[in-house]
Amino acid sequence: MPARRLAHDFFNRPTLTVARELLGQRLVRLWRGQRLAGYITETEAYIGHDDLACHARAGRTPRTAVMFGRPGLAYVYFTYGIHWLLNCVTETEDFPAAVLIRAIRPEEGLPVMRRHRQRADSVLTDGPAKLTQALAIDGKLNGYDLCARGAELFIEAAPPTPEAQVICAPRVGLGRTPEPWLSQPWNFKWKS
DNA sequence: AGGACGATTAACT
DNA sequence: GTTAATCGTCCTG
């Protein structure tokens with residue numbers, strides 16, 4: 001019996017709740033008939049037009065349109081001229097928010113991941129652009145429905161992560177973002 | 001039309 | 001600790 005996949009109602013909740021509860025869930029990518037998968041170990045919340053670190057601070061643009069869409073969509077964007085980053089859209093339609101998947105612990109399909117990234121296993125998927133490279137996720141998946149039947153990118157339910165295992169911290173890489181947004185503890189990660 | 005900069009990474013010194 | 005890579009997006013004029 002296959003594992004249950006997270007559905008729209010999981011994502012249609014406050015973004016901080018979704019970011020926290022995504023820890024320990026299993027990100028799965030079906031790629032050329034193979035399962036590439038791992039446990040989510042770090043997430044980050046970006047919440048609405050008031051959040052000056054959130055892309056949607058500038059309102060609805062061609063780039064941010066997906067964040068205004070249905071909860072459970074993938075928001076995949078290109079940055080630094082090189083990298084793709086994966087987010088899950090959250091909250092009700094027309095409210096722009098998402099959770100960035102910053103790291104996973106690889107569990108399935110390691111030979112393929114190693115082929116996509118010629119790097120040691122310890123650094124295969126421990127960054128937001130590393131995991132997209134390992135799992136063959138790019139802009140073609142922007143707007144993709146993670147909850148659709150037959151999806152090739154989705155999240156499987158796994159046991160919840162106990163509170164004692166979770167570290168809360170400020171978000172990473174925000175640069176010149178003003179306070180208070182710079183210091184909001186909206187990054188969640190597995191301890192150890 | 002031009003420029004600054006970015007939810008990063010890897011390779012330097 | 002510093003910096004190049006590399007280009008889409010947004011802001012200014």
Side-chain angles (χ1 to χ4, degrees), chain A residues 11 14-23 25 27 29 36 38 40-69 71-91 95-106 110 113-144 146 153 155 166-190:
Chain A
F11 299 98
T15 304
L16 292 174
T17 303
V18 176
R20 163 67 182 82
E21 294 193 12
L22 274 175
L23 287 179
Q25 308 304 298
L27 177 65
R29 170 73 165 129
L36 315 180
I40 295 171
T41 55
E42 184 178 354
T43 63
E44 216 159 70
Y46 291 86
I47 313 175
H49 65 276
D50 291 338
D51 176 2
L52 294 185
C54 180
H55 291 161
R57 65 185 176 276
R60 191 192 291 254
T61 68
R63 181 202 203 191
T64 62
V66 171
M67 290 186 88
F68 289 79
L73 297 184
Y75 169 45
V76 182
Y77 73 90
F78 186 61
T79 191
Y80 291 101
I82 309 176
H83 302 302
W84 294 101
L85 273 61
L86 170 68
N87 300 253
C88 305
V89 173
T90 58
E91 313 220 19
F95 183 89
V99 173
L100 172 67
I101 309 299
R102 287 195 58 90
I104 65 174
R105 172 180 160 185
L110 267 79
M113 293 190 204
R114 294 186 188 111
R115 208 182 313 144
H116 291 159
R117 269 180 62 72
Q118 297 281 314
R119 296 288 184 278
D121 286 2
S122 60
V123 293
L124 212 45
T125 58
D126 65 340
K130 298 179 185 181
L131 72 90
T132 57
Q133 185 184 8
L135 299 193
I137 293 166
D138 64 20
K140 292 190 291 293
L141 290 169
N142 188 36
Y144 195 82
L146 303 172
L153 180 65
I155 299 173
V166 178
I167 300 179
C168 235
R171 293 173 290 182
V172 175
L174 265 43
R176 306 165 62 257
T177 300
E179 297 289 0
W181 310 113
L182 183 61
S183 298
Q184 295 285 13
W186 292 353
N187 173 287
F188 301 86
K189 71 189 294 191
W190 266 38

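Chain letters run A, B, ... following the sequence lines, proteins first and then strands; every chain starts at 1. Computed over heavy atoms, backbone and side chain alike; hydrogens, waters and symmetry mates excluded.
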Between [atom2] of [N] and [atom1] of [X], the distance in whole Å:
X: R176(A); N: dC5(B); atom1: CZ; atom2: P; value: 5 Å
X: I101(A); N: dT8(B); atom1: CD1; atom2: P; value: 14 Å
X: F78(A); N: dC10(C); atom1: CZ; atom2: C1'; value: 16 Å

Whole-Å C1' distance, dG1(C) and dA7(B): 22 Å
Can you name the closest pair of heavy atoms from C54(A) and M67(A) and give their distance?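 In terms of heavy atoms, the two residues are closest at SG-CE, 3.5 Å.
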On DNA chain B, compare the nucleotides closest to D126(A) and T79(A); which residue's is nearer the 5' end?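 That would be T79(A).
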Any side-chain N or O of [X] less than 4.0 Å from the OP1 or OP2 oxygen of [N]?
X: R102(A); N: dA7(B); result: no
X: R63(A); N: dG6(B); result: no
X: H55(A); N: dT9(C); result: no
X: T61(A); N: dC10(C); result: yes
X: R119(A); N: dA11(B); result: yes

Where the side chain of A58(A) is concerned, which of dA10(B), dC11(C), dT9(C) is the nearest nucleotide? dC11(C)
Out of dA10(B), dT9(C), dT8(B), which has the shortest distance to the side chain of K130(A)? dA10(B)
Given the structure, check if the side chain of Y80(A) and the base of dA5(C) hold any donor-acceptor pair shorter than 3.5 Å. no
